[in-house]
Amino acid sequence: MPAEESSAGPRGGRSRATAAISRAFAPPLLAGAAAGPPAALGPALRVRPAAGSRRPSVPRSKGRFTGGPRAPRSPRGGMRGMYERVRRAWDRPLTAYYLILGAGLLITVLGLVMVYSASMIKALELDKPGTYFFRKQFLAAVIGAGLMALAARMPAKLHRALAYPLLMGTVFLMVLVQVPGIGMSVNGNRNWLYLGGPFQLQPSEFGKLALILWGADLLARKQDKRLLTQWKHLLVPLVPVAFMLLGLIMLGGDMGTAIILTAILFGLLWLAGAPTRLFGGVLGFAALIAFLLIKTSPNRMSRLACIGASEPGPGDSCWQAVHGIYALASGGWFGSGLGASVEKWGQLPEPHTDFIFAITGEELGLAGTLSVLALFAALGYAGIRVAGRTEDPFVRYAAGGVTTWITVQAVINIGAVLGLLPIAGVPLPLFSYGGSALLPTMFAVGLLIAFAREDPAAKAALAMRRPGVRWKTMRRRVKKRPSGER
């Protein structure tokens, strides 16, 4: 067969330049092939063209693939490329899981550091070791970490099974608080039980978690039976039980915890789809009760008058609010350094509990306070994402209730320190000193982690990251080699 015909293909043959190259080199190759066995082709392959002859140039395409139009490339540089990368990372199935786990642990660890720094002087004033409050908080954090890990591994059915026992146990303990000789008063609020030694318990903190789990289970069962469209099933017995808890809390005078519990109730009603008129009626009734409680208490009226105060006022009624602003103002951009606070030397009351955020601003500056705010914002966003993407009504109500609890309590505490809200006496979640507040909050964070893990996409992504599954997947992708190949 001629060289021109041998180079022809199914679509009309090669280009002329390729055919010319074939004609230039084909005779020696064919001659060698005709003269001897295939081994004789070796010398023919080393034949070079004669001197002075030039190889025709072969046109090359500029792209790697010329078989069709190129797919549009995603932008790699600039703000748009960065935005696309962040958006893709933000939409991954495990984003909420890592945000809840990371933000919860970082807030707790940073809180331990600030509790140690803010409570040293207070402990020495009480003739205690400088690490007295830190050791108690560290022990509570270790127990809380165990509770968080336990809650993260528990299925939703087990959480629902704990709803009624937790509610009844909390109500029983809150009733015991009001029994003379059993309950204790701290800073004018009778909400504590003495456990022996240096340990005390505040049952109202567990009432927040009990109301969330019980209310979520109640609303989920009613939604399955299509009863939430009737206002009587929407309000009863959720609102009466919540008001019973509020009454037990207000008997002890703890207005701050009552506000948080009311916010949780409204969050559950909002998630359940309460009509605007019904929601507004309950909100107006609660606001009227709050107004009467504040109006009839000189202490609460004085706290309300300290919003935006820049001077301690007559009788130093706004001393705590003003010195909280002083602590934040003296911190600057990066603070005076850990342990270098001035306000904790007896000037600022409650530096390790309600006003620990002010000490954080003084020692870590604006950078430290913004970091704390960013962590709470990430935790709140992740909780909303878990509640919004689930199909399970119990998970939606419980995740929404926990998110409402943590975010509202953080806003009330930080707002009071900034002078934007009255001082309600609530701790900063996961951050302030107090084991009774830390334990149920860490369990609630574990609850969010469990719900984030139960998402189908997140469950599949976590399964792929197990060592056994990854090894099996890699073995499927590797092709078997022939027995003689090495």
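Dense packing is recorded around CZ of Arg221, with more than 12 heavy atoms of other residues, nucleotides or ligands lying under 6.0 Å away. The 12-atom threshold is exceeded at NZ of Lys136, counting heavy atoms of other residues, nucleotides or ligands nearer than 6.0 Å. More than 12 heavy atoms of other shown residues, nucleotides or ligands fall within 6.0 angstrom of atom CZ in Arg135. The number of heavy-atom neighbours closer than 6.0 Å to CD of Glu391, taken from other residues, nucleotides and ligands shown, is 12 or below. The environment of CZ in Arg277 is sparse: at most 12 heavy-atom neighbours from other residues, nucleotides or ligands sit within 6.0 Å. Other residues, nucleotides and ligands contribute more than 12 heavy atoms inside 6.0 Å of the OH atom of Tyr164.
Put simply, the side chain of Gln137 gets close to the backbone of Ser432: a donor and an acceptor are under 3.5 Å apart. In terms of modelled atom types and a separation under 3.5 Å, the side chain of Glu454 and the main chain of Lys459 share no donor-acceptor contact. In this structure, the side chain of Ser297 does not engage the main chain of Ile294 through any donor-acceptor pair within 3.5 Å. Remark: side-chain polar atoms of Asp254 are not paired, donor with acceptor, to backbone N or O of Ile249 under 3.5 angstrom. The backbone N or O of Gly339 sits less than 3.5 Å from a side-chain atom of Ser117, completing a donor-acceptor pair. A donor-acceptor contact shorter than 3.5 Å is absent between the side chain of His323 and the backbone of Pro349. Within the 3.5 Å criterion, the main-chain N or O of Asn299 finds a donor-acceptor partner in the side chain of Ser302. Of the possible polar contacts, one joining the Arg300 side chain to the Leu293 backbone as a donor-acceptor pair under 3.5 Å is found. Proximity of a side-chain donor or acceptor of Ser336 to a complementary backbone N or O of Glu362 within less than 3.5 Å is detected.
By the 4.5 Å heavy-atom criterion applied to side chains, Leu338 and Leu364 are counted as neighbours. In this structure, Ile384 and Thr407 have side chains that are not in contact, with every pair of non-hydrogen atoms separated by 4.5 Å or more. Residues Trp214 and Leu166 fail the side-chain proximity criterion, which asks for heavy atoms closer than 4.5 Å. Proximity of Val177 to Leu193: side-chain heavy atoms (C-beta onward) are separated by under 4.5 Å at one or more points. Two residues are said to be in side-chain contact when any heavy atoms from C-beta on lie closer than 4.5 Å; Thr353 and Pro427 fail this criterion. A heavy-atom distance below 4.5 Å is found between the side chains of Leu428 and Phe376.
Each of Asp224, Leu219, Asp217, Leu271 was compared with Pro393 under the side chain to side chain contact (heavy atoms under 4.5 Å, CB included) criterion, and only Asp224 meets it. When each of Tyr132, Phe355, Phe133, Tyr116 is checked for a ring-ring contact (aromatic ring centres under 6.0 Å, His included) with Tyr433, only Phe133 meets the rule.
What you find for Ile307 and Gly419 is that their closest heavy atoms are CG2-O, 3.4 Å. Taking each heavy atom of Ala358 and Gly324 in turn, the nearest pair found is CB-O, 3.8 Å. Across Thr360 and Phe431, no two heavy atoms sit closer than the pair OG1-CE2, 3.4 Å. Leu438 approaches Leu430 most closely through the heavy-atom pair CD1-CA, 3.8 Å. Looking at every heavy atom in both residues, Asn413 comes nearest to Val426 through ND2-O, 2.7 Å.
For Phe285, the ring-ring contact (aromatic ring centres under 6.0 Å, His included) partners at least two apart in sequence or on another chain are Phe243.
By the 4.0 Å N-to-carboxylate-O rule, Glu363 lies close enough to Lys344 to be salt-bridged with it.
Gln347 and Tyr326 share no donor-acceptor pair across their side chains, judged by distance under 3.5 Å alone. Looking at Asp354 and Gln320, their side chains never bring a donor and an acceptor atom within 3.5 Å of each other. Side-chain atoms of Ser436 and Glu205 form no donor-acceptor pair, as typed in the model, at a separation below 3.5 Å.
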